[in-house]
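Notes follow the structure.
Chain letters run A, B, ... following the sequence lines, proteins first, then strands; residues in each count from 1. For clarity, every value in this text was computed on a predicted model and none was experimentally measured. Quick note: numbers below take in every heavy atom, side chains included, and nothing from hydrogens, waters or symmetry partners.
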Amino acid sequence: MLFACIVNDSKKSRRVIMEYNFNEIEKKWQAKWIESKAYSVPNQSPRPKYYVLDMFPYPSGAGLHVGHPLGYIASDIFSRYKRLKGFNVLHPMGYDAFGLPAEQYAIEHGVHPAISTEQNISNFRKQLDNIGFCFDWEREVRTCDPKYYKWTQWIFMQLFSSFFNRQKQKAEPISELIASFEREGNAAHPFPNEKFKLTVNGQLSTANSFGADEWLSFDETYQQAILMEYRLAYCGYGEVNWCEALGTVLANDEVVNGVSERGGHPVVKKKLRQWYLRITEYADRLLKGLEQIEFSDAMKEMQTNWIGKSYGAEIDFAVKSEKGNMPSMRVYTTRPDTIFGVDFMVVAPELAWVKEVTSAAQHDEVEKYLDYVNSRSERERQAEKKITGCFTGAYAINPFDGREIPIWISEYVLAGYGTGAIMAVPCGDERDFKFARYFNIPITNIIGSFYNGEEANPTKDATLENSGFINGMLMRDAIEVVIARLEEMGIGKRKVNYKMRDAAFSRQRYWGEPFPVQWQQGVAHTLPETDLPLLLPEVESYSPGPEGEGPLANIPEWVARELETNTMPGYAGSSWYFLRYMDPHNENEFCNRSVSDYWNQVDLYVGGTEHAVGHLLYSRMWTKALHDLGHIGFDEPFKKLLNQGMIQGSSRFVYRINGTNTFVSKGLLDGNDEYNGQKTDKIHADVNFVDGYELDIESFRKWRNGEYANGKFILEEDKYLCGSEVEKMSKSKFNTVNPDDLVNRYGADTFRMYEMFLGPVEVSKPWDTKGIEGVHRFLKKLWRLFYDEMKGWMVTNDAPTPAELKVLHKTIKKIEDDTERFSFNTAVSAFMVCVNELSELKCRKAAILEPLVIMLTPYAPHISEELYVSLGNTSSVLDAAFPTFNAAHIAESTKEYPVSINGKVRTTMHISVDAGQEEAEQLALANEVVQRWLEGKPVKKFIFVKGRMINIVA
RNA sequence: GCCCGGAUGGCGGAAUUGGUAGACGCGUCAGACUCAAAAUCUGGUAUCAGCAAUGAUGUGCAGGUUCGAUUCCUGUUCCGGGCACCA
C-alpha cells in the first residue's frame, strides 16, 4: 500500500497542509459527507439496528453555548462507534419548536413566532453543522410543522377516543366502553374519579353506578358527559395552576416553589375548564416499567416519588355533632395499626361538609379561619409553614373503643389527596405531634418507650400498648389485622393512593398545536381525520382572549365554528417525536407499524435531568397508550437514559470604586471587596476578553459601545486580575462561550475531544477554555506522526514489532471498554497515551496507524477521514469496521500457586507475568515469594496488582 | 426536615472486581532549538526531610473489617441535586 500524496505545488498550501490545517480538512469532509449522503440511514438493513437519540432542543434566540453540544457530542461518538461496530444506527435531530419564548417575543416585537422560530432554527443548524455531527438531517422534525402536528393532533384523538380498562390494565377504544355500558351499565368499569356522582333529573344524586337501562335512558349530552369521565384525554373543570403573567395554566411539574418555572411569575389556584391527560391511570405501569429500563437510580427515584404510591386504608368514622345525625367521615391512613392512638381528626378546610358539622359555638371561629385560609396564596402556604387550625365542635367516634375524637380543620391537610381528612396520631407522626403540642391536645402513647414525649416516632417496630384488641402486637403486623377487622365491620377497606395528578394538557396560548376539537351544544367532538391538520390560524394580536381564553378566542371565524380555543402544551409534540424520526415523511400514518417494529425502542437516550418528571413521564405514558391501542409494538420508549451534566459558566468580575470610573484589580481588595475603605461595584466582565483571570483592558474599553472607554485601572504587577464565580451559563452574565469561536480557532475535532476530556459526561462542571490547547496539541502530534515536515507523508508497510502491536491492542481494548461504558474522558486520555507511545517508538507503520485512525473516528471524524485517505484508502473511514483487539498481543501467562498466610493455606494465587521480556524476572520473584510462604519464613508484605504480583518486602 | 449523589495534588480529573494512589491534560519549573520571541521538543512537578539514594506522611474528619481500603462497614462534617405538609 502507498500513501496518497496530496501536497500541492504552491509553497503556501504545502505549508498549510503540513501544519494540520483543520479548517480546510473539516470543510472538505463536511462537504463530502453531504455530497455522498454519508449519514443517510435506511429503514431496512441486514445489520442490527441501534437507535441513539438526543433530547431535541428548543431553538432559542440566544443560540448554542458550549454547554448544549456536550450531550450531542457524546451521542454522536456513540453513534459513530456503533456504526463502526456494524450496526445500522438511527441518529436524528430536530426541534421542539412550539413554546412560550417565541410567543413572548411575538408579543413584544410583533414578529410572527413561525418567522422567529425559523430564523433561530437556521442559526442552530449552522452551529450544529460546524461541529460535524452525523445526524441524518433528512429525518429532521419540527413540532410546529403542520406535517408534524397533524399527527400530534391525531394521537390526541386516539387518546380522546379511548379509556383505561382497569381490569386489563390497558387502554381500549371508547366504543368498547359504550358497548359495555349498553350491556351492563358501568358495573365493570366504575368511574375513575370515585367522587363523581350522577345527576338524576337535574339533581346531584349520591349514586355513582348505573345499569344498562339507565345508560340507555340518558340523553346524548349526558352520555357524552359520562364518557368524558373515562376518556384518556378529557376536558373538565378543575383547580389548575394559573399564571397571570404568562396568561396560561401550567402543569404541576412546571410550577416550582409556587412560581412558574419559566420566568418565576406567581401562580395561583384557579377553577377553569381544562383539558387533561388521565396519566394517573397509568401510575402503576409507569412505576413497574421502571424496573425494565436503564435510568439512573436518581432518575428512577424522582419518578417514583412523583408518582408517590402509598398503601393504606380508608376508614369511616361515625360523626357526633350537635346537629344530630351526620354521615360518617372517611379518612385515609397508611397506618391503621395506630388507630388507638388517634387523638384528633383533621379535615382540609376546603371540604364542604366542614360547615355542616360545625357547632354553633365554633361557627364564628371556623368562618374566621376559612377566611384566613382563603387569603393565603399558594406561595405563602409553601413559604411559611405555620401551625394553624380550628376546632369544629364536632367529634368522631373511634369504632373500637368508642372514644370521642375532636374534629379540627387545618391547612396542613390537603383537600386533593386521599379523602381530604386524616386521623391524627401525635405520638407517631411529627406533624400531628406539633399540632397537638400547639393546641394542647392530650397525647395518647401507644408505643411505650418508643415515645419519649419530646418528639413523635414513626416506627413500625414498637409493640402496641393502650391498643385494645391489638395490644402486644408488633405494629407492622397489626396493620393487616386492623384492616381485616375494619373490612369485617364494613367500615374500612384497603386503599392505594398516588400523589400524581392528571396532567393539565391545555394552554391559553397561541403558539401550540390547536386541538382537533369542535364543540356542539357543550359536547366535544373530534374532527374527522380527513380535516387534519387543523392549521393554526393567523392572528392579529397575540394577547389573551376574553375570560382567560387564549388568543384563538379573538378570531371570530374560529369561535363561530366552535373550535376549541386552547392549544396543546409544549410537551405534546415532544411526547412522541422519537417515533416520527423513524418515518418522518409518511403522509398517511404517524409512523408505519413495520418501520416502528424495525427501529423499536430508543436504545440510548441522551439528555439532561431537568425532564425527569415532565417529558420523560409523558412520553412514557403516550408510548404505553399507543402500544395498548396497537399502534406500536413496545410500551417503554427509552431503553437506556444517559444524563449529561450541565456546563456552568465561570463568570469574571471587575470592581469599580463607587461613583467613579476607576477599576481595581481583585488582589488589591480586602475581604469585603473594598479598596482603601472605599466600596466597589462588582460588574460582570465578558469572559471572552479575560485570559484566565487577566483582563484584556483594551477589549474591555471597547466593550458596550465604549461605556468603560475612559476607565482608569489600578493594576497589580502590571495586570488587572478579575474575580470569579461559578454561575449558570447565560448571556446576561457574560459568561457564555460560543462553540463557533472555539471551532474556528482549534477545529471541530479538538472541540469535540475537549468537551469529552473535561470529565465524565454525567457530571456538571464549570467551563474552562484553558485546557483545550492540550487536546489541540495532541491532534497536531498525531498529525506529525504521519507527516514529517521535511519528508512529507511518512507511512510504511513494514511489519510491526511485538511492542508496537502491544501498544495498539492495549489501546483498542481500552477505547472499546471506555466507549461502551460512556467513559469518554478516559478514552481521550487513552488516545493521547497511545500516540505518545507510538511517537516514542517512531512507529509509522500502516498496520498500526490504520486501526488507530478508525478507532479515533467517533471522537475526531474529520482528521480521521483525512488520515485514512492519506494511508491510501479509497473508501471512507466511516464505512470501516472498528478494530478488534488481539488478546495474544497483550496476554500474560499465568501460573497458579497455593498461598499460605499466617501458617494456613488461604487461597491459590494466580501469578501472571508479562509475555514480554521481564518474564524471567517476574517468575523468579513469584517463585521466591511462594517459596518463602511454603518455608514459613516471614514476608512482611507482598503486593499484587490485578492478580499479578509485582513486589515483595522481606 | 426527608431522600439521593459527592469530597483525591496548584486546577480538571484517573484508578473498571479491595491490590504500586495521583493516568491523561492544564498550570508551573528547568533544559534544547533561536540573535530573540512564538511554536515545537526533552525532563522534573502530592507533601515533609535530604545533595542524593532514600525515608516518613498522604484520597474531608474519627473509628472498624482485611495480609492489604480512594474502594467495604459505622459515625461525623461540608458541598451539590431532588422532594417538601401526600397522612
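Between A:Leu782 atom CG and B:G25 atom P the separation is 14 Å, expressed in whole Å. The interatomic distance linking A:Asp432 (CG) with B:A87 (P) rounds to 12 Å, in whole Å. In this structure, the CE atom of A:Met756 is 16 Å from the C1' atom of B:C24, given to the nearest Å. Protein atom CZ of A:Phe778 is 12 Å distant from nucleotide atom P of B:C26, rounded to whole Å. Rounding to whole angstrom units, NZ of residue A:Lys460 and P of B:A87 are separated by 10 Å. What separates CD of A:Glu762 from P of B:G13 is a distance of 12 Å, to the nearest Å. In this structure, A:Glu314 places its CD atom 13 Å from P of B:A87, rounding to the nearest Å. Atom CD1 of A:Ile772 and atom P of B:G12 are 18 Å apart (whole Å).
Among the atoms of the strands shown, none is found under 4.0 Å from any heavy atom of A:Ser764. Across all strands shown, A:Leu414 has heavy atoms under 4.0 Å from base atoms, whether or not it also approaches the sugar-phosphate. As judged by a 4.0 angstrom heavy-atom cut-off over every strand, A:Lys814 is placed among the base-contacting residues. Using a 4.0 Å heavy-atom criterion, one finds that A:Asn497 contacts no nucleic acid atom at all.
Residue A:Met302 has its side chain nearest to B:G82 when only B:A87, B:G82, B:U16 are considered. Of the candidates B:A87, B:C41, B:G82, B:C41 carries the atom nearest the A:Lys781 side chain, counting heavy atoms from C-beta on. Counting only heavy atoms from C-beta on, A:Arg777 has its side chain closest to B:C26 among B:U16, B:C26, B:A39. Among B:A87, B:U16, B:C26, the nucleotide with an atom closest to any side-chain atom of A:Lys770 is B:C26.
Across B:A38 and B:A32, the matching P atoms stand 15 Å from one another, rounded to whole Å. The P atoms of B:G60 and B:A15 are separated by 16 Å, rounded to the nearest whole Å. To the nearest whole angstrom, the two C1' atoms, one in B:G80 and one in B:C85, are 25 Å apart. Going from the P atom of B:C2 to that of B:C72 covers 24 Å, rounded to whole Å. B:A69 and B:U59 have their P atoms separated by 11 Å, with the value rounded to a whole Å. For the C1' atom pair drawn from B:G27 and B:G9, the interatomic distance equals 12 Å after rounding to whole Å. B:U76 and B:G13 are spaced 27 Å apart, taking the C1' atom of each and rounding to whole Å. For the P atoms, the distance linking B:U65 with B:A14 amounts to 31 Å, nearest Å.
In textbook terms, a nucleotide whose glycosidic angle is within 90° of 0 is syn, and B:G9 is one such case.
Listed by residue number, the members of residues 824-834 of chain A with any heavy atom below 4.0 angstrom from RNA chain B are A:Asn825, A:Thr826, A:Ser829, A:Met832, A:Val833.
With salt bridges taken as basic N to acidic carboxylate O contacts below 4.0 Å, one links A:Glu480 and A:Arg494.
For the OP1/OP2 pair of B:A87 and a distance below 4.0 Å, the side-chain nitrogens and oxygens of A:Tyr417 include at least one atom meeting the criterion. For the pair A:Lys765 and B:G13, the criterion of a side-chain N or O lying under 4.0 Å from OP1 or OP2 is not met. OP1 or OP2 of B:A87 lies within a sub-4.0 Å distance of a side-chain N or O belonging to A:Ser310.
Both A:Glu773 and A:Pro760 lie close to RNA chain B; mapped to their nearest nucleotides by heavy-atom distance, the more 5′-ward contact belongs to A:Pro760.
Stem analysis of RNA chain B (at least three stacked-register Watson-Crick or G-U pairs, each with both distances under 3.5 Å) gives B:1-7 with B:77-83, B:10-12 with B:24-26, B:27-32 with B:40-45, B:46-49 with B:54-57, B:60-64 with B:72-76.
For the pair A:Lys765 (side chain) and A:Pro760 (backbone), a donor-acceptor distance under 3.5 Å is present. Using modelled atom types, no side-chain atom of A:Arg330 and backbone atom of A:Asp316 make a donor-acceptor pair closer than 3.5 Å. Side chain of A:Asn735 to backbone of A:Lys728: a donor-acceptor contact under 3.5 angstrom is found. Using modelled atom types, no side-chain atom of A:Asp284 and backbone atom of A:Leu287 make a donor-acceptor pair closer than 3.5 Å. Distance alone, capped at 3.5 Å, is enough to place a donor-acceptor pair between the A:Lys300 side chain and the A:Leu290 backbone. The backbone N or O of A:Ile339 lies less than 3.5 Å from a partner atom in the side chain of A:Asn398, making a donor-acceptor pair.
Within a 6.0 Å sphere centred on NZ of A:Lys195, heavy atoms belonging to other residues, nucleotides or ligands number more than 12. A 6.0 Å sphere centred on CG of A:Asp297 holds no more than 12 heavy atoms belonging to other residues, nucleotides or ligands. In the displayed structure, A:Lys309 atom NZ is contacted under 6.0 Å by more than 12 heavy atoms of other residues, nucleotides or ligands. Under a cut-off of 6.0 angstrom, the local environment of CZ in A:Arg821 is crowded, with over 12 non-hydrogen atoms contributed by other residues, nucleotides or ligands. Heavy-atom contacts from other residues, nucleotides or ligands closer than 6.0 Å to OH of A:Tyr311 number 12 or fewer.
Side-chain N/O atoms of A:Thr444 and A:Asp343 include a donor and acceptor closer than 3.5 Å.
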Contact pattern, 5' to 3', of nucleotides 1-11 of chain B - B, S or - by protein heavy atom under 4.0 Å: --SS-------
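For A:Phe435 and A:Phe344, the ring centers are positioned less than 6.0 Å apart.
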